[in-house]
Amino acid sequence: MVKIGVTLHPSDSPDREELDRLAAQIVEGVQLAGGEAILIPPNLDEATLRLRFSELDGLLLSGGGDVDPRLYGEAPTAVVSGVDANRDRTEMTLARWALAEGKPLFGICRGLQLLNVACGGSLYQDVSQHERALKHAYYPDFPHDHLAHPVTVADDSRLASILGAARVQVNSLHHQACRVVAPGVRAVAWAPDGIVEALEVEGHPFAVAVQWHPEALLQRAESRALFAALVEAGARR
Ligand code: MN
């Protein structure tokens, strides 16, 4: 069975209940695609992490608290929350290994942001730093599956072929967003305000990330297709 490593939030996360629910839905998404989810806690030592990584066919970077702005050269402002140094270290290490070794990689929400930072890009510490930003943080006022805004997908992207559409409605549960897209990374989907909603790493067999939460929309075929694409990429290795 294709083994997909799923990174986890720390047990003392401020939004733990919400993140536990999303993690359970990620496991379900991987299972629906025929894969086996291997959970990766944020506090493994590097040798154990390397052993765990070596057994994986693919990696899924999940959602959660903010990436430490110091990792992209900024001092954190008051809008930053939920930073966890162990989680940042663990996921930056895993992302770099997956990028260097061509192991399939899929990022969700924070996972997109982490991927961009790991490749040398930067983030908006809050989307309000973008002058035309719409509301993107619908939690906790709306359910996780609330279709908050459309995204336009680049026609010639891998993402468009996975989704089977150039425009989809998505849930939006993020207050940070991609600012400067990293070198070697391509933005492939945008919200109506121009906020980047998906990334792909050029020249990698499968490194795709989305800013929304397909795990909370598993009833939709295009969400299941994202998990299926990751598991298929893992099976091809
Ligand atoms: Mn959004």
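Ligands are counted one by one from 1 in listed order, and the atoms in each one are counted from 1 as well.
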Sequence neighbours excluded, every pair satisfying salt bridge (charged side-chain N to carboxylate O under 4.0 Å, His left out) that has a member inside residues 28-45 | Lys3-Glu36
At the Mn ion (ligand 1), what's the angle from Ser172 OG to Glu197 OE2, rounded to 10 degrees?
-> 170°
Compute the angle centred on the Mn ion (ligand 1) spanning NE2 of His174 and NE2 of His149, and express it rounded to 10 degrees.
-> 170°
Do you know which N/O/S atom name in His136 is closest to the Mn ion (ligand 1)?
-> ND1
Let me check something: any side-chain donor-acceptor pairs from residues 229-237 under 3.5 Å, sequence neighbours excluded? List them with distances.
none

Would Gln211 count as a contact for the Mn ion (ligand 1), in the sense that one of its N, O or S atoms lies under 2.8 Å from it?
-> no
Do we see a donor-acceptor contact under 3.5 Å between the side chains of His213 and Glu215?
-> yes
Side-chain donor-acceptor contact under 3.5 Å, His144 with Gln25 | no
